[in-house]
Trainee: 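Sharing a structure, written as structure tokens. Questions coming.
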Amino acid sequence: MSAKKVTKYDLVESVYQNTDCEKRVVQDVVERLLDELKDALKDGNTIELRGFGTFEPRLRKGRSRARNPKTGEQLTVAPHYVAAFRAGQELKKSLWDLPVLPGAKVSDEE
């Protein structure tokens with residue numbers, strides 16, 4: 001098994017292949033779903049998808065001495081929101097027995 005990036009196109013293609021829906025309809029549904037998720041987060045709402053996980057806007061504190069890594073220029077970053085995701089129990093359990101790939105990077109987060 002090799003890790004690969006799954007794109008929005010791949011998701012649309014997979015749903016199209018596994019349903020009787022027209023590809024254009026599947027594409028519209030996926031686009032609308034993503035728009036609804038984005039709008040809910042922009043409104044400050046938490047999105048709970050049972051068995052999958054939770055998306056929520058999370059406030060990141062500002063910093064007065066941030067640095068642009070490209071130019072080295074020092075700048076100030078105001079407090080702002082970011083999208084955060086917490087995996088649900090079913091998703092966590094489904095990944096538990098996934099074989100570890102050679103050279104896989106270990107995450108420090110839990």
Trainee: Return the CG to CZ distance between Leu75 and Arg65, rounded to the nearest 0.5 Å.
Mentor: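 Going from CG on Leu75 over to CZ on Arg65, the span is 12.5 Å.
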
Trainee: Of the non-hydrogen atoms in Leu41 and Asn45, which two are nearest, and what is the gap between them?
Mentor: CD2-O, 3.7 Å

Trainee: With Val26, which of Leu11, Asn18, Val15 fulfils side chain to side chain contact (heavy atoms under 4.5 Å, CB included)?
Mentor: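 Only match with Val26 under side chain to side chain contact (heavy atoms under 4.5 Å, CB included): Val15.
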
Trainee: Look at atom CD of Gln17 and say whether more than 12 heavy atoms of other residues, nucleotides or ligands are closer to it than 6.0 Å.
Mentor: yes

Trainee: List the atom of Arg67, the atom of Gly72, and the distance in Å for their closest heavy-atom pair.
Mentor: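 Minimum heavy-atom separation between Arg67 and Gly72: CG-O, 3.5 Å.
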
Trainee: Considering only heavy atoms from C-beta outward, does the side chain of Trp96 approach that of Lys92 to under 4.5 Å?
Mentor: no

Trainee: Less than 4.5 Å apart, side chain to side chain, heavy atoms only: is that true for Val77 and Arg60?
Mentor: no

Trainee: Start with the C-alpha distance between Lys8 and Gln27, add both sets of side-chain angles, then the distance that settles side-chain contact (heavy atoms from CB on, under 4.5 Å), and finish with yes or no.
Mentor: CA-CA 9 Å; Lys8 184 170 27 175; Gln27 191 171 9; over 6 Å; no

Trainee: Check ring-ring contact (aromatic ring centres under 6.0 Å, His included) between Phe85 and all other residues, then give those that pass, not counting sequence neighbours.
Mentor: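 Partners of Phe85 by the ring-ring contact (aromatic ring centres under 6.0 Å, His included) criterion, ordered by chain and then number, come out as Phe52, Phe55.
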
Trainee: Could you grab the distance from atom CG of Leu59 to atom NE2 of His80, nearest 0.5 Å is fine?
Mentor: 8.5 Å

Trainee: Atom CZ in Arg86, atom CG in Leu91: separation rounded to 0.5 Å?
Mentor: 13.0 Å

Trainee: What distance do Asp35 atom CG and Arg32 atom CZ have between them, rounded to the nearest 0.5 Å?
Mentor: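 One finds 5.5 Å between CG of Asp35 and CZ of Arg32.
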
Trainee: Could you tell me which residues satisfy side chain to side chain contact (heavy atoms under 4.5 Å, CB included) with Leu33, sequence neighbours excluded, listed by chain and number?
Mentor: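 Expected list: Leu37.
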
Trainee: Hey, is Glu90 close enough to Arg50 for a salt bridge, meaning N to O under 4.0 Å?
Mentor: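 No, this pair does not count.
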
Trainee: Report, as yes or no, whether the 6.0 Å neighbourhood of atom NZ on Lys23 holds more than 12 heavy atoms from other residues, nucleotides or ligands.
Mentor: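 Yes, NZ of Lys23 has more than 12 neighbouring heavy atoms, counting only those of other groups under 6.0 Å.
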
Trainee: Is there a path from Val12 to Val25 through hydrophobic residues (I, L, V, M, F, W, Y) whose side chains come within less than 4.5 Å of each other?
Mentor: no

Trainee: Please report the closest heavy-atom contact between Glu56 and Thr46, naming both atoms and the distance.
Mentor: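 Between these two residues, the closest heavy atoms are CB-OG1, 3.8 Å.
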
Trainee: Are Val6 and Val29 grouped together when hydrophobic residues (ILVMFWY) are joined by side-chain heavy atoms under 4.5 angstrom apart?
Mentor: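 In one cluster: no.
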
Trainee: Working to the nearest 0.5 Å, report the span between OG1 of Thr54 and CD1 of Ile47.
Mentor: 9.5 Å

Trainee: Using every non-hydrogen atom in the two residues, find where Tyr16 and Cys21 come nearest and quote the distance to one decimal.
Mentor: CD1-O, 3.3 Å

